[in-house]
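Note on naming: letters A, B, ... go to the chains in the order of the sequence lines (proteins, then strands), and numbering restarts at 1 for each one. Heavy-atom basis, side chains included; hydrogens, waters and symmetry copies ignored.
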2 protein chains.
Amino acid sequence: MVTIKQVAARAGVSFKTVSRVVNNDPSVKSVNREKVLNAIKELNYRPNRAASLTRRKKTNIYAIIADELLNVPYTFDIIRGAQEVAWKKNKELLILNINETKASIDRAIVSLLENRVEGVIYSAMCHRAVQLPDELKKIPTILANCFPINGDFPCVVPDEVQAGEEITTALINKGYRRIAFLNLNEDIIAAKGRKQGVINAFTRHGLPLSNLLIESVIIKQDDGIERSISRESAAKIIDSFKPDAIICGQDPMAMEIYFVAHEKNMVIGDDIGIASFDNWGSIPELLQPNLTTMALPHLQMGRWAMEYLIDLRVDLVHQHLPFKLIKRDSF
Amino acid sequence: MVTIKQVAARAGVSFKTVSRVVNNDPSVKSVNREKVLNAIKELNYRPNRAASLTRRKKTNIYAIIADELLNVPYTFDIIRGAQEVAWKKNKELLILNINETKASIDRAIVSLLENRVEGVIYSAMCHRAVQLPDELKKIPTILANCFPINGDFPCVVPDEVQAGEEITTALINKGYRRIAFLNLNEDIIAAKGRKQGVINAFTRHGLPLSNLLIESVIIKQDDGIERSISRESAAKIIDSFKPDAIICGQDPMAMEIYFVAHEKNMVIGDDIGIASFDNWGSIPELLQPNLTTMALPHLQMGRWAMEYLIDLRVDLVHQHLPFKLIKRDSF
DNA sequence: CTGTTAGCGCCTTCAC
DNA sequence: GTGAAGGCGCTAACAG
């Protein structure tokens, strides 16, 4: 491997000058800069990151821990958002993919510590509470799409309530007045918040709550496994409650509704409106125009979390898609 | 940051002994090892990876470049597979997420070179030909889920032909005898191979090719944008060709078929069999039992590629899901 | 603007 | 088994 000294010899300058050129120090005469640049190209020199890191105090390395527990397509956007900002700010971003096991997260933390990482985003693939090892407190850390069980880390999470309000308002604005909301399991954060949001929208628009039916169609069986009863429920609800629109907890559920509507010879968007949270991209193109979706702001969460770490900015612009930024000065 | 010397002072040994303990050198008296271990714990010492890397010749760092061009759920499995093996072999794995831009890949390569990465997996999100910069030839590289346009890198790709044979054979074994295959755009690798495989299976089972209809239902419009005409095509084909089973190029297509079948009051699995490549997980649970799917071996590709890099093993066991390993001794 | 000197924290070599 | 000396490739501090 060619070193800075070899380049210096070739260019006929001291190795410090080479170092300056490599690090874009403006205080190098352009003649010398040229010479060095040529030598670098001729020798095909590449700075040794490890060596440079030993001497520098700032590593400029950040990391995102991705807890892949649930592994739905769009969640990769958190990483993408973080990466985008890191790139722009010239920071290195380590992606650490873990799973639910303790060994896995422990190993990730070892990596963080040994690499002298300067900031960490801990991101979960579904909005939930997490309990993180205390060791993470040694490094500036922000959670994305999850929040700390003890409130001991700052976090950025989607504002499910606002999402619920927005999707409902969209339907109301389209003229729908009697809405059924097939919610996810109401134990989970997203389901609780959205339910509240849907109710809020009804109240705000002066619609009677008797025109609103909310039912959880993901049920936990005795064996602990979750099962979707969306199809059966939808069929029943359409007959009994007679909604003019249905909100689904997630895309696959919307697919089921399409089926049920078909079976009942209802025309989507005409006889019945359909809206859905969590656009998984699983809805065939053909049906998309008839669907009101609310995608979660994963990209923004990633960006935001990264900007928070790098600049400690907590004054960020509110984006179109709803968010909640819970700030805690833990460092 | 606490250093090896501080640990040594605390433990009452030379810093070299500490180094030995940290690196699991067996030639340390267990009394001393204990002392060192305690000191490490008390001071909460963490080896500095960068510093250790400067002196060591082997970095043990590998990287996977993920070309996220197409961003379908299961492709992350390539990374997961690579990571699994890297973990097992105690290697660090850098995940470099790029997009189609040259700037992006160039930046990734700079990162590879500066980090003195010892091996690279270049993975594409859909099976295709890629042209990689020559600079990658300086590092042992293997492609996963894509192959080099000039044959200048080794690669591991799914065996689409075999996949076609297996899925068709599965249908034939279930008793279906007249099959329509709604293929992806036949310009793409996967579509070509699978078509051949489907034909092979027919031939092998002595079925007349007149009982097989293959049609591409993803068409490229004049404006270059691809459009799926699977639904219309399926409707027509069911009426005219009267297949007893349909093979779909991918899950979303299978969803369309479910619809069409519904509209025609056909019972899935009874009046008509459905099979699909590329299990995206977009098929609602309820319908899964009626679907014969063939998932692509992304996990295995990731594992295999990594093992190839680390051990140069090309003699790996053939797994259930079909593969093709194209080996080229480029390093 | 440039070069010298002195490290960074660790590992290698080799003598004890 | 252990430790001292030396060096990895680079940057900080400072002198010129």
Side-chain angles (χ1 to χ4, degrees), chain A residues 1-40 43-61 90 92 110-118, chain B residues 1-40 43-61 90 92 110-118:
Chain A
M1 270 291 137
V2 19
T3 77
I4 213 172
K5 285 185 185 166
Q6 297 172 39
V7 176
R10 177 82 165 219
V13 295
S14 84
F15 67 84
K16 179 65 226 193
T17 302
V18 177
S19 169
R20 289 199 175 96
V21 171
V22 169
N23 292 290
N24 292 315
D25 185 326
S27 73
V28 177
K29 252 198 302 188
S30 57
V31 200
N32 282 336
R33 161 162 285 117
E34 278 311 312
K35 281 198 285 188
V36 169
L37 253 19
N38 283 336
I40 285 178
L43 298 177
N44 200 12
Y45 164 77
R46 296 283 168 176
N48 181 326
R49 226 182 116 61
S52 129
L53 249 36
T54 36
R55 204 62 184 85
R56 229 193 277 275
K57 20 45 228 310
K58 273 179 74 77
T59 61
N60 270 341
I61 303 179
N90 248 302
E92 201 94 346
V110 165
S111 190
L112 297 177
L113 263 14
E114 296 195 353
N115 283 297
R116 305 295 191 255
V117 160
E118 289 173 0
Chain B
M1 269 293 136
V2 20
T3 76
I4 212 171
K5 285 185 188 165
Q6 299 172 38
V7 176
R10 177 84 166 216
V13 296
S14 84
F15 68 85
K16 179 63 233 191
T17 302
V18 177
S19 169
R20 288 200 175 95
V21 172
V22 168
N23 293 290
N24 293 316
D25 185 327
S27 73
V28 177
K29 253 198 301 189
S30 56
V31 201
N32 283 336
R33 161 163 284 118
E34 278 309 314
K35 282 198 282 185
V36 169
L37 253 19
N38 283 335
I40 286 179
L43 299 177
N44 200 12
Y45 164 77
R46 296 284 168 174
N48 181 327
R49 223 183 120 61
S52 118
L53 249 37
T54 38
R55 209 62 184 86
R56 230 193 274 274
K57 16 57 229 304
K58 272 179 74 78
T59 60
N60 271 341
I61 303 179
N90 247 302
E92 200 93 346
V110 165
S111 190
L112 298 177
L113 263 13
E114 297 194 353
N115 282 297
R116 306 293 192 257
V117 159
E118 289 174 0

Inset, instruction - To the nearest Å, give me how far apart CG (B:L43) and P (C:dG9) are. - result: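 That distance rounds to 14 Å.
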
Legend entry - B:K58 NZ to C:dC11 P, straight-line distance once rounded to whole Å: 16 Å

Inset, instruction - Please name all residues satisfying side-chain hydrogen bond (donor to acceptor under 3.5 Å, both in side chains) with A:R20, sequence neighbours left out, ordered by chain then number. - result: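 Checked A:R20 against side-chain hydrogen bond (donor to acceptor under 3.5 Å, both in side chains); zero matches.
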
Legend entry - Flag, side chain of A:N23 to backbone of A:D25, donor-acceptor distance under 3.5 Å: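 Checking the backbone N and O of A:D25 against the side chain of A:N23, no donor-acceptor pair under 3.5 Å is found.
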
Inset, instruction - Without swapping roles, check the side chain of B:E118 against the backbone of B:N60 for a donor-acceptor pair under 3.5 Å. - result: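 A pair under 3.5 Å: yes.
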
Legend entry - nucleotides 8-16 of chain D: protein proximity per nucleotide (B base, S sugar-phosphate only, - neither; heavy atom, under 4.0 Å): BBBBBBB--

Inset, instruction - Quick one: do A:R10 and A:L43 satisfy side-chain contact (heavy atoms from CB on, under 4.5 Å)? Show the steps, please. - result: CA-CA 9 Å; A:R10 177 82 165 219; A:L43 298 177; 3.7 Å; yes

Inset, instruction - Nearest 0.5 Å please: distance from the NZ atom of A:K35 over to the CG atom of A:N38. - result: 10.5 Å

